[in-house]
Amino acid sequence: MSELRNKALKLLSQREHSRQELRRKLQGGEEADREAIEALLDDLVERNWLSDARFAVAYVDANAARFGRFRLENELRERGVADDAIREALAQLPSEDDELSRAREVWCKKFRQPPQDAAERAKQARFMQTRGFGFDIIRKVLGGLDDE
């Protein structure tokens, strides 16, 4: 158990983890004692050393400049974070105007020039969609490039 605890503490000292991520890393492909892992995770949560809410906020802070709201939400959900914690973490994101400016920055880093034809426009829109930006934001970025 102490070996498992040391591994968990080492992982948590490097960055925040969701409970699901930490469980997966502690299992490590081998059949570890699931009950021991769950007991350790419960203890870490009780001591407030492991927190999905804190992980969600840290994840959003670290990735908000590169991804849109939809991608952030999906990534957190895949990491096992509860909907309440996701909502609270995403609530810290600024308004839609800031989402538009973040989308423009992401677009500028990748493309630097407006689409010249429908195929290029579709390619740029798909890229922005995979980054998690909504259709309204993408339309404003690709359609309103001359607004700046």
Side-chain angles (χ1 to χ4, degrees), residues 4-115 119-145 148:
L4 203 58
R5 180 181 214 75
N6 289 340
K7 184 176 180 181
L9 292 176
K10 181 179 179 186
L11 289 167
L12 287 173
S13 71
Q14 294 169 353
R15 71 168 177 87
E16 292 286 346
H17 286 73
S18 70
R19 183 180 179 114
Q20 179 178 312
E21 279 183 324
L22 194 57
R23 178 185 302 116
R24 182 179 43 79
K25 288 181 179 183
L26 292 175
Q27 287 172 347
E30 57 200 46
E31 278 302 312
D33 184 13
R34 293 181 196 275
E35 290 179 15
I37 290 174
E38 288 304 318
L40 174 61
L41 293 174
D42 290 342
D43 182 54
L44 294 173
V45 168
E46 188 177 309
R47 293 173 187 260
N48 201 26
W49 293 349
L50 177 65
S51 167
D52 280 354
R54 199 170 51 234
F55 166 76
V57 169
Y59 187 85
V60 168
D61 284 345
N63 294 291
R66 298 180 328 174
F67 299 128
R69 179 181 229 63
F70 297 120
R71 171 99 179 247
L72 293 169
E73 181 178 351
N74 189 43
E75 295 276 333
L76 289 170
R77 193 165 282 119
E78 286 179 2
R79 286 168 169 76
V81 178
D83 288 340
D84 295 345
I86 293 172
R87 263 193 306 282
E88 288 178 26
L90 292 176
Q92 75 180 3
L93 287 174
S95 67
E96 183 179 320
D97 292 337
D98 190 57
E99 177 101 346
L100 179 59
S101 67
R102 288 186 301 122
R104 282 191 173 132
E105 286 177 28
V106 168
W107 178 87
C108 285
K109 284 181 184 179
K110 177 72 174 177
F111 296 106
R112 294 191 182 104
Q113 62 181 349
E120 180 67 20
R121 183 180 192 80
K123 176 184 174 183
Q124 291 183 12
R126 278 191 308 273
F127 171 79
M128 297 301 291
Q129 189 178 9
T130 62
R131 288 300 177 116
F133 295 102
F135 291 115
D136 291 339
I137 298 291
I138 295 170
R139 191 178 11 232
K140 289 177 184 176
V141 168
L142 296 181
L145 294 171
E148 298 176 17

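Not measured: the values here are computed from a predicted model. Sequence positions, counted from 1, serve as the residue numbers for this chain.
For Gln20 (side chain) and Glu78 (main-chain N/O), a donor-acceptor pair under 3.5 Å exists by modelled atom type. Not one N or O on the side chain of Lys25 forms a donor-acceptor pair closer than 3.5 Å with the backbone of Lys7. Although no hydrogens or angles enter the test, the distance criterion places a donor-acceptor pair under 3.5 Å between the side chain of Glu99 and the main chain of Arg69.
Between Arg47 and Asp43, at least one side-chain nitrogen of the basic residue sits less than 4.0 Å from a carboxylate oxygen of the acidic one, meeting the salt-bridge criterion. A salt bridge does not link Glu105 to Lys109: none of the charged nitrogens lies less than 4.0 Å from a carboxylate oxygen.
Here Leu142 contributes atom CG and Phe127 contributes atom CZ; the two are 11.0 Å apart, rounded to the nearest 0.5 Å. Rounded to the nearest 0.5 Å, atoms CG (Leu44) and CZ (Arg19) are 8.5 Å apart. Considering CD of Gln27 and CG of Leu4, their distance stands at 9.5 Å, rounded to 0.5 Å. Asp52 CG to Glu16 CD: the interatomic distance, rounded to the nearest 0.5 Å, is 10.0 Å. Taken from CD in Glu120 to NZ in Lys123, the straight-line distance is 5.0 Å, to the nearest 0.5 Å. The NZ atom of Lys140 lies 5.5 Å from the CD1 atom of Ile137; values are rounded to the nearest 0.5 Å.
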Apply side-chain contact (heavy atoms from CB on, under 4.5 Å) to Phe67 and Arg102, showing your working.
CA-CA 8 Å; Phe67 299 128; Arg102 288 186 301 122; 5.9 Å; no

Which is it for Asn48 and Arg54 under the side-chain hydrogen bond (donor to acceptor under 3.5 Å, both in side chains) test, yes or no, and what are the steps along the way?
CA-CA 10 Å; Asn48 201 26; Arg54 199 170 51 234; 3.3 Å; yes

Using salt bridge (Lys or Arg N to Asp or Glu O under 4.0 Å), reason through Glu38 and Arg34 one step at a time and then give a plain yes or no.
CA-CA 6 Å; Glu38 288 304 318; Arg34 293 181 196 275; over 6 Å; no

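Applying the salt bridge (charged side-chain N to carboxylate O under 4.0 Å, His left out) rule to Glu21 yields the partners Arg15, Arg79; only residues at least two apart in sequence or on another chain are considered. In this view, Gln92 and Asp61 satisfy the side chain to side chain donor-acceptor pair (under 3.5 Å) rule, not counting sequence neighbours.
No more than 12 heavy-atom neighbours from other residues, nucleotides or ligands sit within 6.0 angstrom of CD on Glu46.
Closest non-hydrogen pair, Ala103 versus Val141, comes out as CB-CG2, 3.7 Å.
Side chain to side chain, Arg77 and Asn74 fail the donor-acceptor criterion of an N or O pair below 3.5 Å.
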